[in-house]
Amino acid sequence: NFTVTIPAGNYDPASASSLFGLGITIINDAIIESNETIQFTINDVPASYTRASTTTCGSPAVVNSTHTIIDDESPSLGLTKTGAYQDANANGKTDIGDRVNYAFTVTNTGTTTLTNITIADTLPGVTISGGPIATLAPGASNSTTFTATYLITQTDIDEGDVINHATANGRDTLNQVVTSPESSVVVPLQRNPDFTVSKVVAQTSISAPGALNYTISVVNTGNVRLTGVALADTLPDGTAATLTGPQTDVSTIGSLDVGETWTYTTSFVVGQARYDAGANQVNNVSGTTAQTDTARTASATTTINRVID
């Protein structure tokens with residue numbers, strides 16, 4: 001409830017002598033704005049107020065009234081985040097240890113000054129530099145205080161992008177937290193799935209029937225992990241080879257990691273009839289993965305040197 005006693009008398013709105021103080025104290029409002037007003041309304045419905053006189057001969061005074069405080073302060077923050085890929089080692093391809101560099105523009109989109117503004121970023125491993133912003137006036141923007149860096153991981157490259165979300169947080173004049181809407185940025189990463197298949201035979205030529213021993217190597221020469229590696233090896237007689245392997249140099253099961261080599265072995269016995277025929281023994285292999293469109297092929301050839309008495 002709020003009560004003001006209005007002295008009895010005649011009041012002319014145009015006369016300064018008709019002004020009187022309301023005795024109102026505004027608390028928790030540090031900024032006085034040009035359009036911040038107090039509306040004080042005399043209730044003209046007799047049933048809702050009582051009248052009394054401050055003098056014996058004066059006109060009755062209205063002692064009950066209503067009031068409304070209109071305050072247009074509306075604290076709010078805006079955040080714009082941008083990200084750019086950096087080839088940290090300048091090798092012309094995206095790999096582990098390359099960077100994403102972020103920039104932040106913080107804008108006071110409200111009507112009251114904000115203080116102690118910071119950035120919160122949800123991306124694990126991101127490093128934010130700068131801040132806090134001490135004060136930011138209504139309508140003002142700051143794009144120089146905050147930056148951030150992020151080191152790209154193999155998982156990021158496999159997925160083909162880095163997705164990041166951030167918010168700005170500050171305090172209003174009541175020391176209440178003001179949080180911006182989330183700002184998100186997607187930085188695409190170049191993916192280059194690639195691999196090679198090579199095959200060697202220990203016996204490049206033979207002078208008698210015997211075994212041919214083959215070694216097949218599959219190497220991830222791209223920048224993403226490869227899965228679904230499959231080899232089809234055709235022996236010199238046209239049958240499918242049984243491969244032993246792979247032997248791997250990285251422990252990730254089922255995944256041919258970047259730079260990793262898988263090794264397989266197989267063998268074929270050249271019998272007397274094939275030897276006597278004298279034709280070169282050609283072994284072909286074809287390899288595919290889930291991430292590549294075309295097969296990689298390789299072959300190994302053994303020459304038969306017949307000894308004729």
Under 3.5 Å: donor-acceptor pair, side chain of N284, backbone of T234: no
field: Heavy-atom pair with the smallest gap, counting every atom of S76 and T109
entry: OG-OG1, 2.7 Å
message: Count I, L, V, M, F, W, Y as connected when their side-chain heavy atoms are under 4.5 Å apart, and connections chain through other members. Are V162 and V258 then in the same cluster?
response: no
task: Step by step, work out the side-chain hydrogen bond (donor to acceptor under 3.5 Å, both in side chains) result for S74 and T111.
output: CA-CA 5 Å; S74 178; T111 60; 5.3 Å; no
Please tabulate, for side-chain N and O atoms in residues 205-215, each donor-acceptor pair with protein atoms closer than 3.5 Å (sequence neighbours left out).
none

Contacts table for residues 297-307: side-chain donor-acceptor under 3.5 angstrom, sequence neighbours left out:
unit_1 : atom_1 : unit_2 : atom_2 : d
T302   : OG1    : Q203   : O      : 2.7
R306   : NH1    : D276   : O      : 2.7

message: Restricting to non-hydrogen atoms, name the atom on T107 and the atom on S141 that form the minimum distance, rounded to 0.1 Å.
response: OG1-OG, 2.8 Å
query: So, for I96 and T153, which heavy atoms are closest and what is the spacing to 0.1 Å?
result: CG1-C, 4.3 Å
field: Set of residues satisfying side-chain contact (heavy atoms from CB on, under 4.5 Å) with respect to T221, sequence neighbours excluded
entry: D194, T196, V219
task: Check side-chain hydrogen bond (donor to acceptor under 3.5 Å, both in side chains) between E159 and all other residues, then give those that pass, not counting sequence neighbours.
output: none
N108 side chain to A137 backbone, donor-acceptor under 3.5 Å: yes
task: Could you check if a side-chain atom of I152 sits within less than 4.5 angstrom of a side-chain atom of V100, using non-hydrogen atoms only?
output: yes
Heavy-atom pair of closest approach, residues V106 and A168: CG1-CB, 4.3 Å
Show every donor-acceptor pair shorter than 3.5 Å between a side-chain atom in residues 118-127 and any protein atom, with sequence neighbours excluded, or say none if there are none.
unit_1 : atom_1 : unit_2 : atom_2 : d
D121   : OD1    : L123   : N      : 3.0
D121   : OD1    : N164   : ND2    : 3.3
D121   : OD2    : K81    : NZ     : 2.3
D121   : OD2    : N164   : ND2    : 3.3
T122   : OG1    : H165   : O      : 3.2

query: Rounded to the nearest 0.5 Å, how far apart are CZ of R171 and CG of L77?
result: 12.0 Å
query: Which residues satisfy the side-chain contact (heavy atoms from CB on, under 4.5 Å) test with T135, sequence neighbours excluded?
result: T113, T115
- prompt: Parallel, tilted or perpendicular: which fits the ring planes of W262 and Y264, with parallel below 30° and perpendicular above 60°?
  reply: perpendicular
message: Please tell me whether V224 and V187 are part of a single hydrophobic cluster in this structure, the criterion being side-chain heavy atoms less than 4.5 Å apart.
response: yes
query: Among all residues two or more places apart in sequence or in another chain, which pass the salt bridge (charged side-chain N to carboxylate O under 4.0 Å, His left out) test with D233?
result: K199
- prompt: Does a side-chain heavy-atom distance below 4.5 Å link Q247 with T261?
  reply: no
statement: Residues at least two apart in sequence or cross-chain that pass side-chain hydrogen bond (donor to acceptor under 3.5 Å, both in side chains) with Q281, listed by chain then number, are R274
- prompt: Between D87 and G92, is there a donor-acceptor pair closer than 3.5 Å when you use the side chain of the first and the backbone of the second?
  reply: yes
statement: side-chain hydrogen bond (donor to acceptor under 3.5 Å, both in side chains) filter on D172, not counting sequence neighbours, yields none
- request: Report the distance from atom OG of S180 to atom CG of L114, rounding to the nearest 0.5 Å.
  value: 11.0 Å
task: Measure the shortest side-chain to side-chain distance between L226 and P193 over non-hydrogen atoms and say whether it is less than 4.5 angstrom.
output: yes
message: Using the salt bridge (charged side-chain N to carboxylate O under 4.0 Å, His left out) criterion, which residues pair with D156? Sequence neighbours excluded.
response: none
message: Taking side-chain contact (heavy atoms from CB on, under 4.5 Å) as the definition, give me every residue that meets it alongside T244, ordered by chain and number, with sequence neighbours left out.
response: T265
field: G97 backbone acceptor or donor facing R99 side chain under 3.5 Å
entry: no
T145: partners by side-chain hydrogen bond (donor to acceptor under 3.5 Å, both in side chains), with sequence neighbours left out: N142
- prompt: Roughly how far apart are S198 OG and R296 CZ, rounded to 0.5 Å?
  reply: 13.5 Å
- request: Work out which heavy atom in N220 is nearest to a heavy atom in F195; give both atom names and the distance.
  value: CA-CB, 4.3 Å
